[in-house]
Amino acid sequence: MRRSIPKPIRNKLDLSDRAQMRLVRKRLGLSDAELTAIAGRIGNSISAISKEAAIQRANALLKPADVPPTAVIASAAATEQATAETPTPAPTS
């Protein structure tokens with residue numbers, strides 16, 4: 001008697017299948033540790049994992065990089081206004 005080979009569930013990630021893990025990691029651009037952490041937190045649904053990876057990518061892009069404090073920005077703006085308001089002498093010809 002022939003036994004049928006069980007078909008994998010298409011929308012679930014099998015963490016023990018190395019080939020499937022490699023393909024999903026490559027497609028989502030994640031490291032092995034990141035993918036395992038997301039799967040542990042969210043679950044093994046591939047669509048949920050891809051949504052979480054997109055959210056993490058968006059959050060990484062939105063973080064401000066070395067923005068000076070508002071006091072520094074305000075003092076620089078005040079200095080620029082003061083130099084712009086200084087009258088320049090008219091040329092004498």
Side-chain angles (χ1 to χ4, degrees):
M1 181 181 345
R2 298 182 89 188
R3 293 185 184 189
S4 64
I5 299 173
K7 304 278 187 223
I9 299 173
R10 293 180 61 161
N11 59 351
K12 301 292 181 189
L13 178 65
D14 183 11
L15 297 174
S16 62
D17 186 4
R18 295 179 77 201
Q20 189 178 20
M21 287 285 288
R22 188 185 79 239
L23 290 172
V24 171
R25 275 189 303 121
K26 192 172 185 179
R27 188 179 96 199
L28 297 178
L30 298 171
S31 69
D32 193 29
E34 289 172 334
L35 181 59
T36 305
I38 291 174
R41 192 172 62 246
I42 301 297
N44 64 347
S45 171
I46 293 176
S47 62
I49 291 170
S50 64
K51 286 179 186 177
E52 182 66 22
I55 289 171
Q56 283 184 359
R57 216 173 291 118
N59 287 340
L61 293 176
L62 293 178
K63 289 184 181 178
D66 296 337
V67 176
T70 55
V72 174
I73 295 172
S75 68
T79 306
E80 288 175 3
Q81 286 178 354
T83 57
E85 293 175 359
T86 307
T88 57
T92 57
S93 311

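Both backbone and side-chain heavy atoms feed into the values below; hydrogens, waters and symmetry mates do not.
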**Message:** So for atom CZ, which belongs to R18, do other residues, nucleotides or ligands contribute more than 12 heavy atoms lying within a distance under 6.0 Å?
**Reply:** no

**Residues clustering with L30 (ILVMFWY side chains joined when closer than 4.5 Å, directly or via others)** = L13, L15, M21, V24, L28, L35, I38, I42, I46, I49

**Complete:** Output for pair (E52 CD, R57 CZ), nearest 0.5 Å, gives 11.0 Å

**Item:** Rounded distance [0.5 Å steps], OG1 in T36 versus CZ in R41
**Value:** 11.5 Å

**Message:** Let me confirm one number: the CD-CD distance from Q56 to E34, rounded to the nearest 0.5 Å.
**Reply:** 6.5 Å

**Which atom of K12 lies closest to which atom of Q20, heavy atoms considered** = O-NE2, 3.2 Å

